[in-house]
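What you are looking at is a predicted structure, and each value in this text was computed from that prediction instead of being measured. Worth knowing before you read on, the calculation uses all heavy atoms, side chains too, and leaves out hydrogens, waters and symmetry mates.
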Amino acid sequence: MASNVSHSIRFAVVALSAVAVAGCSGAAPVSQRAGSLADVCNPTVTIQTDWYPQAEHGGVYQLLGSNYVVDASTGTTTGALMVDSVDSGVDVQIRAGGPFIESPVVTEMFLDDTIMFGYVGTDVAISRYAETPTLAVFNALAINPQVILWNATEHPEASTIADIAQEVAAVSVFGDRPYMRYLVEQGVVPAEKVDTNYKGNLLLATDDIAHQGFATSEPYRYETLESGTIETAFQLVHDAGWTSYPQNLAINKLRTEELRPCLTALIPIMQQAQLDFVADPERTIATIVDVVTQLNTSWSQTPELARYAVDTMKQLGIISNGTTTTFGDFESPRIDDFIALATPILRQQGLTIPDIQTSDLTTNEFLDPAITQP
Amino acid sequence: MALSAPTAAHPAPNHQLQVEHLGHRFDATAVLSDVSLNVADNEIVAIVGPSGCGKTTLLRACAGLLSPTSGVVCRTDQSVGFVFQEPALLAWRRVAHNAALLSADQALIEHLLVVSGLGEHRHKWPYQLSGGTKMRLSLVRTLAAQPSLVLLDEPFGALDQITRHRLHDELARLHAERGFAALMVTHAIDEAVYLADRVVVMSQAPGRIVGEFAVPFARTRNNSLRYSPEFGDLCGRIAHCLETHA
Amino acid sequence: MKLSQRTRKLWPPLAVFGALISGWYALAYSLDNNFASGDGSALIIPPPHQLFVGLNDSTIDRIISATYISASTALVGLLTATIIGILVGIIMNLSRSLESALWPWLIALQVTPIIVLTPIIVRVAGPTFGARVLVTVLIAFFPIASNTLFGLRSVSQPLHDVFTLAKCSRWQRLAQLELPAASPAIFAGLRVSAGLAVIGAVVGDFFFTRGTPGLGRLITYFFQDTRSGPMFVTALVTAFLGLGFFVVVETLRRLIVSPWHQT
């Protein structure tokens with residue numbers, strides 16, 4: 001009897017110690033597979049994107065191999081994170097945004113501990129710095145593909161947003177966006193013409209309108225409508241003065257030290273993946289189209305549209321080195337200037353914006369300077 | 001609803017109301033058949049009869065609120081006073097204002113209010129008054145217009161006995177002071193005898209007149225009359241007539 | 001009423017208020033990562049003491065402008081609905097055939113969620129103040145119309161006879177008998193419509209997307225920016241706006257109807 005009890009006690013002590021030790025090793029559960037990232041990253045690297053899968057997200061979908069699983073109810077795609085066709089030892093999970101998330105991406109990054117990266121534009125990062133500070137570690141798109149577009153046949157003379165704003169009845173955008181407040185303040189768009197109920201269809205609009213869109217998408221879609229081609233013209237909001245980086249890969253700044261080892265190993269991989277995508281997009285375009293099909297929503301994506309997007313991004317300099325040779329870095333005078341430009345606009349909107357520097361919002365430390373777009 | 005067209009003929013002199021061969025049917029049902037009566041100046045005529053005998057229809061035809069299907073109604077005066085079983089007061093007007101609904105004669109209204117004991121209530125709302133007080137106000141309102149003919153449709157039917165008796169004296173007093181002809185419908189025989197100069201008995205529907213009784217008592221009547229054998233005798237005879245033709 | 005009696009009457013509503021506040025705190029602190037922000041502010045639901053975080057001058061200005069838009073829409077809408085509602089009630093009272101002709105359309109209007117009709121109205125009438133008022137009127141006028149009809153019909157025959165014998169015109173009868181008699185019912189309908197007018201003004205706001213936003217659209221903007229404090233404050237302002245309208249109508253009712261009307 002006594003020996004049974006002491007046996008049980010010993011077993012309990014050993015078991016408890018094992019649990020304690022496991023607990024003490026802290027941070028991440030360990031990946032089950034071997035690979036280059038297995039020791040430094042969580043078993044799943046989760047990236048929260050801002051919309052449905054599209055060519056603008058090509059760099060992250062490039063990380064998927066041929067084995068991945070799509071969960072249509074949550075909008076997530078999960079598969080092994082491949083580097084040069086080799087399993088890195090961890091999975092990557094790409095989450096679609098838009099209707100799949102309740103809060104904006106930057107808020108989700110703080111509400112959900114499992115998210116490692118989110119797409120955060122510079123303007124959003126500034127807006128939310130006080131409550132949900134983020135640190136941008138890699139920028140996949142040097143220029144914002146967002147445009148204001150219009151029917152070019154009806155308005156052959158207009159070439160800028162200022163031009164078209166005079167001619168149409170309304171400019172239709174999605175919500176109360178700071179870039180539109182900026183354009184109003186600059187006198188580019190008259191305040192009474194801004195319609196925040198986004199109507200993104202020139203065919204269905206009862207008024208003559210211009211609307212927001214993306215250079216990589218709407219022009220192609222309008223040209224290939226079943227009901228007949230509409231020729232559109234546009235101006236990038238970047239060219240109108242809103243020089244925010246659109247889609248930075250950012251982390252929850254409070255977790256920087258915790259994520260440092262993984263970032264150091266992973267960011268150069270992401271730089272290269274974006275360049276690989278642009279150089280030869282076909283495989284990943286097929287992945288994106290497949291994922292969109294499996295998500296089974298009203299969003300559609302064709303290989304032709306995706307190719308058009310890639311070509312447009314190359315043409316307009318949306319994917320480029322910028323002014324330095326390092327691909328994907330954050331360029332200082334540009335961001336300084338943008339912070340100075342955007343802060344008063346955002347404060348006027350009622351947001352609390354502290355005085356911040358470029359170095360508060362971005363870091364180039366994890367980038368490999370040797371990786372450059374040819 | 002508009003009033004019926006004024007009647008062609010004129011009542012006989014010294015008469016306020018003349019009804020000849022009045023008949024009325026609602027769709028196929030005859031309610032009144034061949035009623036003839038008249039009311040002289042200052043005379044009070046009471047009509048008693050069983051329920052549904054057309055008494056109210058008769059009264060409404062006399063007022064001009066109804067156009068009879070046969071017969072003639074003549075009145076000397078186009079305007080006529082009408083007192084309903086419910087006080088029909090305007091709830092949103094205070095007592096004094098209600099009294100002034102049909103008349104602009106402030107002095108007369110004031111006098112009537114005081115004489116009827118309503119002076120102390122003049123600033124009250126109708127809902128604050130008892131049933132009997134509301135009825136007195138209804139009388140005051142009607143008489144303020146100085147009608148020469150007043151029609152009353154079971155005016156005290158909803159009140160308790162003591163209040164009714166008080167209001168009988170009230171009405172008698174007002175009649176003595178103001179002077180008007182009155183045609184009053186009632187189902188209470190004692191009320192008819194106490195108040196009227198003549199009591200007319202109607203049969204059941206289709207109503208016609210089956211009896212007429214002169215009331216021999218002097219004009220100034222008081223409560224003790226109710227207990228006199230003559231009073232009881234007359235009530236009994238009227239009741240007998242009513243029951244025979246009911 | 002003695003002071004102790006009066007304070008004793010306050011305990012039940014205070015207790016409910018206390019329970020609501022406690023529940024609010026419990027909810028705010030039980031949500032995962034509600035306070036995972038950089039500055040400790042709430043990301044989803046702010047607790048009561050954090051309600052006014054983020055309420056700087058610009059934000060307050062926006063809320064005031066929005067309140068003005070929604071309040072003026074609701075006010076003009078309620079006044080219009082009152083006039084139209086009473087008129088419709090009067091018209092339907094004129095004859096049974098008019099009543100049976102109009103009544104089904106009124107019911108149809110009442111049961112159709114106006115939110116469904118609003119985009120059509122905006123498309124046809126444009127995103128103008130008039131269209132906002134129209135949406136509000138459509139939502140708010142039915143209780144007034146039906147209560148007016150009910151009130152007008154409730155006048156007793158003897159009262160009508162008194163006016164007939166006095167040889168009154170149709171207008172005199174309407175103004176001096178029927179409308180005063182119907183006023184308790186009309187005010188009862190007005191109480192309901194007051195709240196509906198505010199709801200109509202705020203909810204219709206979602207579809208009026210040009211120009212200064214009203215309270216409804218402002219709430220969505222704060223939501224898009226994850227500014228939970230201002231969002232809740234705007235919601236509270238909306239509630240108080242509705243309450244304010246109700247109190248005004250109730251006060252009018254107390255002044256005009258209560259003295260003489262005993263239900």
Distance (rounded to the nearest 0.5 Å) between Q157(C) CD and L65(B) CG: 8.0 Å
Euclidean distance, W92(B) CH2 relative to I256(C) CD1, rounded to 0.5 Å: 14.5 Å
pair L159(C)-F84(B): side-chain heavy atoms closer than 4.5 Å: no
Neighbour count above 12 (heavy atom, 6.0 Å) for Y68(C) OH: no
Gap separating the CZ atom of F163(C) from the CG atom of L101(B), nearest 0.5 angstrom: 5.0 Å
CG (L10(C)) with more than 12 external heavy atoms under 6.0 Å: yes
Structural part of R141(B) lying under 4.5 Å from a heavy atom of chain C: side chain
Proximity breakdown for P184(C) and chain B, heavy-atom pairs closer than 4.5 Å: neither
Interatomic spacing from CG in D161(C) to CG in L151(B) - rounded to 0.5 Å: 11.5 Å
Closest approach of R93(B) to Q176(C) (non-hydrogen atoms, all atoms of both residues): NH2-OE1, 3.6 Å
Heavy atoms of other groups near F17(C) CZ, more than 12 under 6.0 Å: no
Rounded distance [0.5 Å steps], CZ in R60(B) versus CG in L165(C): 8.5 Å
Pairwise side-chain contact, L90(B) with W260(C), heavy-atom cut-off 4.5 Å (strictly under): no
Heavy atoms from other residues, nucleotides or ligands near CZ of F150(C) exceed 12 (cutoff 6.0 Å): no
Atom CZ of R153(C) with >12 non-hydrogen neighbours under 6.0 angstrom: yes
Atom of S156(C), atom of E86(B) and distance for their closest heavy-atom approach: OG-OE2, 3.2 Å
